[in-house]
Undergrad: 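If you scroll down you'll find the structure; I have some questions about it.
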Amino acid sequence: MEKANNTNINLRPDPNNRWTSYESKTATDWLAIDFGKEQQLGKLVLYIYDDGGGVQAPEKYQVQTWTG
């Protein structure tokens, strides 16, 4: 999970700090992040990566939050 939540931006063609569902066999995939305790977050930044080959940007995505 660290690769999906590490605050480092890497613009190399083969970044090693990303989460991807490349070669997934399912129609939809999901990622959950559990911070281990309640957190107040100021913003969420989502960087979509597409390498022009096998790793493609999603057609759509959803961000869900727990509002307790």
Undergrad: Do the side chains of Y61 and W30 join up, straight or via other hydrophobic residues, at under 4.5 Å, putting them in one cluster?
TA: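 No; W30 is not reachable from Y61 via cluster members.
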
Undergrad: Can K43 and V45 be said to form a side-chain contact (heavy atoms from CB on, under 4.5 Å), step by step?
TA: CA-CA 7 Å; K43 68 178 178 177; V45 180; 4.0 Å; yes

Undergrad: What's the separation between atom CD1 in I33 and atom CG in L41, rounded to the nearest 0.5 Å?
TA: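 I33 CD1 to L41 CG: 9.5 Å, rounded to 0.5 Å.
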
Undergrad: Q64 versus Q62: any side-chain heavy-atom pair under 4.5 Å?
TA: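 Yes - at least one pair of side-chain heavy atoms lies under 4.5 Å apart.
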
Undergrad: More than 12 heavy atoms of other residues, nucleotides or ligands under 6.0 Å from CD of E38: yes or no?
TA: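 For E38, atom CD is not crowded (no more than 12 foreign heavy atoms under 6.0 Å).
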
Undergrad: With rounding to the nearest 0.5 Å, note down the distance linking OG1 in T28 to NZ in K60.
TA: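 T28 atom OG1 to K60 atom NZ measures 9.5 Å (nearest 0.5 Å).
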
Undergrad: Which pair of non-hydrogen atoms, one from T26 and one from D29, has the smallest distance, and what is that distance?
TA: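 Closest pair (atom of T26, atom of D29, distance): OG1-OD1, 2.9 Å.
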
Undergrad: What pair of heavy atoms forms the shortest contact from D50 to V55, and how long is it?
TA: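 Here D50 and V55 meet closest at OD1-O, 3.2 Å.
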
